[in-house]
A.B. asks: 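A single structure is presented below for examination.
All of these numbers come straight from a predicted model, not from anything done at the bench. Letters A, B, ... mirror the listed sequences (proteins, then strands); counts begin at 1. Below, each value reflects all heavy atoms present in this structure, side chains not excepted, and no hydrogens, waters or symmetry copies.
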There are 2 protein chains.
Amino acid sequence: MSAVPDDDLPQDLESRVIDDHHQAIKLWLRMLACTTRIESVVRNRLRSEFATTLPRFDLLAQLEREPEGLTMGELSQRLMVTGGNVTGVTDQLEAEGLVKRTPRANDRRAFTVQLTPAGKRQFRRMAAVHEQWVIELFAGWNADEKTQVYAMLAGLKKHLGGVDMAPPRRSKPKKETA
Amino acid sequence: MSAVPDDDLPQDLESRVIDDHHQAIKLWLRMLACTTRIESVVRNRLRSEFATTLPRFDLLAQLEREPEGLTMGELSQRLMVTGGNVTGVTDQLEAEGLVKRTPRANDRRAFTVQLTPAGKRQFRRMAAVHEQWVIELFAGWNADEKTQVYAMLAGLKKHLGGVDMAPPRRSKPKKETA
DNA sequence: TATTGTTATACTCTATAACTATA
DNA sequence: TATAGTTATAGAGTATAACAATA
């Protein structure tokens with residue numbers, strides 16, 4: 001049926017490739033298949049092993065590296081989600097005793113959010129296991145391959161930083177905000 | 001603040017790296033940052049340019065490469081989502097006139113789902129633009145780099161096929177299902 | 001008036017499970 | 001009894017917008 005039998009797993013998103021030889025698309029679909037799979041394994045394991053989610057884990061990770069704490073706004077920026085979401089996740093973590101909000105002396109609108117001692121312990125426990133998972137998931141690559149891809153991704157990431165959400169003009173450029 | 005200034009974008013998920021030198025974790029976070037960014041650009045543009053979503057686009061793509069059509073169950077497998085979701089997406093696309101369900105002669109429980117002529121036209125229009133986006137997003141890599149990563153990802157993907165959702169036993173192996 | 005954070009709401013995406021109609 | 005598909009429901013994850021308190 002398909003003119004391109006490809007080489008491995010047939011029944012996943014990568015098979016979205018039509019019958020073409022378009023390098024970028026094929027690369028993208030394969031890369032997406034890998035990250036989707038890894039992310040899904042991590043999410044599942046975080047849920048079954050620690051009854052938590054990736055956004056919660058990420059929030060704790062941000063706090064772990066800032067012992068001084070962060071404001072809600074700073075968390076929102078770093079996690080790249082809107083403020084309402086940070087409020088919700090923080091509420092949950094605070095109810096579980098893993099983080100605490102402390103009013104700021106100089107600006108009574110803002111809080112400092114920090115890990116509690118229990119939060120620190122819990123996060124470190126999770127982070128250690130999480131790292132083993134990632135090591136396991138990337139065992140398909142040896143150290144050299146990992147280093148190589150890591151270096152290449154730096155270039156891609158830098159490029160992506162300059163790409164706009166809005167598509168580039170395909171028809172008349174129309175004076176470009178004149 | 002952070003002992004590892006890293007090299008580029010400071011305020012995103014990659015900054016989830018703590019101050020360690022753990023190769024696999026650093027690689028994973030950088031890879032995730034890239035794919036998240038690309039996926040988010042694609043989702044946004046699909047919405048703003050074509051008022052559609054990635055799952056809808058993916059379903060159309062599956063049908064486009066199978067002119068004979070697919071059953072709901074086959075779509076479910078290929079898109080790696082449960083049946084109820086396929087029903088929902090198919091309902092929407094059918095309402096928009098892009099796909100059609102045809103009862104099967106031999107098994108009256110099942111349908112053949114196919115693109116309508118309008119669906120074919122619409123998908124091809126979207127696919128062409130989508131490919132340009134992906135080319136633009138991967139312009140940070142030259143042809144050699146793309147080829148190299150594509151090849152390496154094959155190995156990673158193959159490895160991931162053998163990784164279980166459940167974490168490997170970390171304590172007593174306990175007879176391993178005897 | 002602008003900013004910090006919260007609340008309310010809604011939509012996408014996905015899963016599970018009960019259900020219908022065939023087989 | 002098993003299978004194909006649907007329906008109903010729930011929950012994660014995210015966004016927008018109106019709002020309160022403070023700056």
A.B. asks: Using whole Å, what does the distance between atom P of nucleotide C:dT14 and atom CZ of A:Arg47 come to?
C.D. replies: 15 Å

A.B. asks: According to the salt bridge (Lys or Arg N to Asp or Glu O under 4.0 Å) rule, which pairs have a member within residues 117-127 of chain B, sequence neighbours left out?
C.D. replies: B:Glu64-B:Arg124

A.B. asks: Centre of A:Phe111's six-membered ring, under 6.0 Å away, within 45 degrees of the axis: is that where NZ or CZ of A:Arg104 sits?
C.D. replies: no

A.B. asks: Mind checking what makes side chain to side chain donor-acceptor pair (under 3.5 Å) contact with B:Thr35, not counting sequence neighbours?
C.D. replies: none

A.B. asks: Which of residues 88-103 of chain B sit near DNA chain D, with a heavy atom under 4.0 Å from it?
C.D. replies: B:Arg101

A.B. asks: Using whole Å, report how far CZ of B:Phe111 lies from C1' of D:dT6.
C.D. replies: 9 Å

A.B. asks: Calculate the interatomic distance between A:Asn44 atom CG and D:dG11 atom P; express it in whole Å.
C.D. replies: 17 Å

A.B. asks: Please name all residues satisfying side chain to side chain donor-acceptor pair (under 3.5 Å) with A:Asn142, sequence neighbours left out, ordered by chain then number.
C.D. replies: none

A.B. asks: Calculate the interatomic distance between A:Arg56 atom CZ and D:dG13 atom C1'; express it in whole Å.
C.D. replies: 12 Å

A.B. asks: Rounded to the nearest Å, what distance is computed from the CZ atom of residue A:Phe57 to the P atom of nucleotide D:dG13?
C.D. replies: 13 Å

A.B. asks: Could you check how far CE of B:Met72 sits from P of D:dT3, rounded to whole Å?
C.D. replies: 19 Å

A.B. asks: Could you tell me which residues satisfy side chain to side chain donor-acceptor pair (under 3.5 Å) with A:Arg108, sequence neighbours excluded, listed by chain and number?
C.D. replies: none

A.B. asks: Grab the CG-C1' distance between B:Leu79 and C:dT14 for me, whole Å please.
C.D. replies: 13 Å

A.B. asks: Using the side chain to side chain contact (heavy atoms under 4.5 Å, CB included) criterion, which residues pair with B:Ser40? Sequence neighbours excluded.
C.D. replies: A:Met165, B:Asn44

A.B. asks: Starting at atom CG of A:Leu59, determine the distance to atom C1' of D:dA12, rounded to an integer number of angstrom.
C.D. replies: 16 Å

A.B. asks: So, is B:Thr53 near the phosphate of C:dC13, with a side-chain N or O under 4.0 Å from OP1 or OP2?
C.D. replies: yes

A.B. asks: Should the ring pair A:Trp133 and A:His130 be called parallel, tilted or perpendicular, given that the plane angle runs from 0 to 90° and is split at 30 and 60?
C.D. replies: perpendicular

A.B. asks: Sugar-phosphate atoms are those with a prime plus P, OP1 and OP2; base atoms are the rest. Using that split, label each nucleotide of nucleotides 14-23 of chain D B, S or - for protein heavy atoms under 4.0 Å, 5' to 3'.
C.D. replies: BBB----BBS

A.B. asks: For residues 144-153 of chain B, pull every pair meeting salt bridge (Lys or Arg N to Asp or Glu O under 4.0 Å), keeping only residues two or more places apart or in separate chains.
C.D. replies: none

A.B. asks: Under 4.0 Å, heavy atoms only, any strand: does A:Ser76 hit a base, just the sugar-phosphate, or nothing?
C.D. replies: nothing

A.B. asks: Suppose we screen for side chain to side chain contact (heavy atoms under 4.5 Å, CB included). Which residues come up paired with B:Thr52, at least two apart in sequence or across chains?
C.D. replies: B:Leu46, B:Phe50, B:Arg56, B:Met126

